[in-house]
Amino acid sequence: MTATPFRSIFPRRLRYWSFHCSLNALPSFAIALFILQLWKNPAAIAAMLAAIATFILLYATLTSLRGPLSDDSHVLSRSLRLGAKIRAIISGVSLSMIFVPPLMMFTPDFWCGFLSVSALDAASRSFGTGRFSLTPSSSTPAGFISVYATTLLEGLILSFILLMISFFAVIFIQTRARLAFQNAARIPEPTETQVTSPPFPESRLATCGKTVHSPAPVRCGAPPHFISHVLENQKSRHHRPR
C-alpha cells in the first residue's frame, strides 16, 4: 500500500461520506420529525444534524488515515464501501415505507432506533437519572444531549450490522473468485496421445536416453518388446555390409 498524504485524500473522502451519511440518515430523520413529531423541537433537530456531521467527519477521517480503511484493495475498505451502497439502497426503499404504519415496522431504521432508545432508557434508569423517552407523549421534551446520543447509537448499530453483512459478502465473493481462478488454471491430466512422426529417415523415437529413426508413427508408452524390435532393426541396418 502506498502512503497517500492525509490532506490530499481527506477532501475526496469528505465529499463521499457527506453524500452517503446524509442519504443514509434520511429515513431515521423522517421518522424522528414526522412520527415522533420532533420537528417542533429545534434542539432535537440541531442534535440530529450534529450527529450526522459527527459521522461524516468520523468516516472521512478513518478512511483518510494510513491503514486498511484507506487502502481500496483491502477487505475492510471494500466491505465499508459495499455497506455504504447497500445502505443507500435500503434508505431509498425505507423512505417509501415509513409513512405507512404497517410497512414502517419492516424498516431497519425503526428497529435500530427502538433499540437505541431502549438501551439508553435502561442506562438512564440504572444511573438513577429518570426515564428516557423520545415519544410525543413524554412529559419532558427531548433535549439536545438525549437526541444526540440516540442518533449516534442508532447510527453505530446500523453501521455495525451493515459492515458485518458486507464483510462476509466480500469474503464470499473473494472465495468464489479464487476457486474459479484455480479451476481455470488447473492443468488437465495427461492422456495417452498419438505422436505422428515425419517420414523416414527424419522421424525419431526417443526412449531411455537413446534416439532412433522410425519409419512409422509410434504411440507414446509403447511396450518394451516393440521398442527392442525397433532398436534391433536399426542396429542391423547400421551393420549391414555395403
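Fair warning: this is a prediction, and the values are worked out from it, not measured in the lab. Computation of the quantities below employed the complete heavy-atom set of this structure, encompassing side-chain atoms and omitting hydrogens, waters and symmetry-equivalent molecules.
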Rounding to 0.5 Å, atoms CG (L38) and CD1 (I31) come to a distance of 11.5 Å
Quick check: closest heavy atoms across S70 and G67, and the distance to 0.1 Å? OG-O, 3.0 Å
Tell me, do I45 and N41 make a side-chain contact under 4.5 Å, heavy atoms counted? no
Between T151 and F29, is the side chain to side chain contact (heavy atoms under 4.5 Å, CB included) condition met? List the steps. CA-CA 9 Å; T151 307; F29 196 74; over 6 Å; no
Main chain of L163, side chain of S166: is a donor-acceptor contact present, judged purely on distance under 3.5 Å? no
Using the salt bridge (Lys or Arg N to Asp or Glu O under 4.0 Å) rule, collect all pairs that involve residues 97-112, keeping only residues at least two apart or in two chains. R87-D109
Residue list, salt bridge (charged side-chain N to carboxylate O under 4.0 Å, His left out) with R81, at least two apart or on another chain: D72
Heavy-atom distance under 4.5 Å between the side chains of R13 and Y59, does that happen here? no
Any L158 side-chain heavy atom under 4.5 Å of P108 side chain: yes
Measure the OG-NE2 distance between S79 and H74 for me, rounded to the nearest 0.5 Å. 9.5 Å
Look up atom CG in L156 and atom SG in C112, then write down how far apart they are to the nearest 0.5 Å. 11.0 Å
Can you tell me how far apart CH2 (W17) and CG (L80) are? Round to the nearest 0.5 Å. 4.0 Å
F34 vs F99 aromatic rings, parallel, tilted or perpendicular, using cut-offs 30° and 60°? tilted
Could you tell me whether the side chain of L14 reaches within less than 4.5 Å of the side chain of L57, counting heavy atoms only? yes
4.5 Å side-chain heavy-atom contact, L120 and T150: yes
Could you list the donor-acceptor pairs under 3.5 angstrom formed by side chains in residues 19-26, with sequence neighbours left out?
{"unit_1": "S22", "atom_1": "OG", "unit_2": "S18", "atom_2": "O", "d": "2.7"}
{"unit_1": "N24", "atom_1": "ND2", "unit_2": "H20", "atom_2": "O", "d": "3.0"}

Counting only N and O atoms by type, is there a donor-acceptor contact under 3.5 Å from the side chain of S77 to the main-chain atoms of D71? yes
Show me the pairs that pass salt bridge (Lys or Arg N to Asp or Glu O under 4.0 Å) and involve residues 146-160, at least two apart or across chains. none
What one should report as the nearest heavy-atom pair of T54 and Y148 is OG1-OH, 2.9 Å
At their closest point, which heavy atom of T61 faces which heavy atom of F6, and how far apart are they? O-CE1, 4.1 Å
Acceptor/donor pairs from residues 169-185 side chains to any protein atom, 3.5 angstrom cut, sequence neighbours excluded:
{"unit_1": "T175", "atom_1": "OG1", "unit_2": "I171", "atom_2": "O", "d": "2.8"}
{"unit_1": "N183", "atom_1": "OD1", "unit_2": "R186", "atom_2": "NH2", "d": "3.3"}
{"unit_1": "N183", "atom_1": "ND2", "unit_2": "L179", "atom_2": "O", "d": "3.1"}

Give me the other members of the hydrophobic cluster that V93 sits in, counting Ile, Leu, Val, Met, Phe, Trp and Tyr linked by side-chain heavy atoms under 4.5 Å, directly or via other members. M97, V100, L103, F106
Could you grab the distance from atom CD1 of I165 to atom CZ of F160, nearest 0.5 Å is fine? 10.5 Å
Go through the steps for Y16 and T63 under the test side chain to side chain donor-acceptor pair (under 3.5 Å), then give the verdict. CA-CA 10 Å; Y16 178 87; T63 55; over 6 Å; no
Sub-4.5 Å side-chain heavy-atom contact between V75 and F167: yes
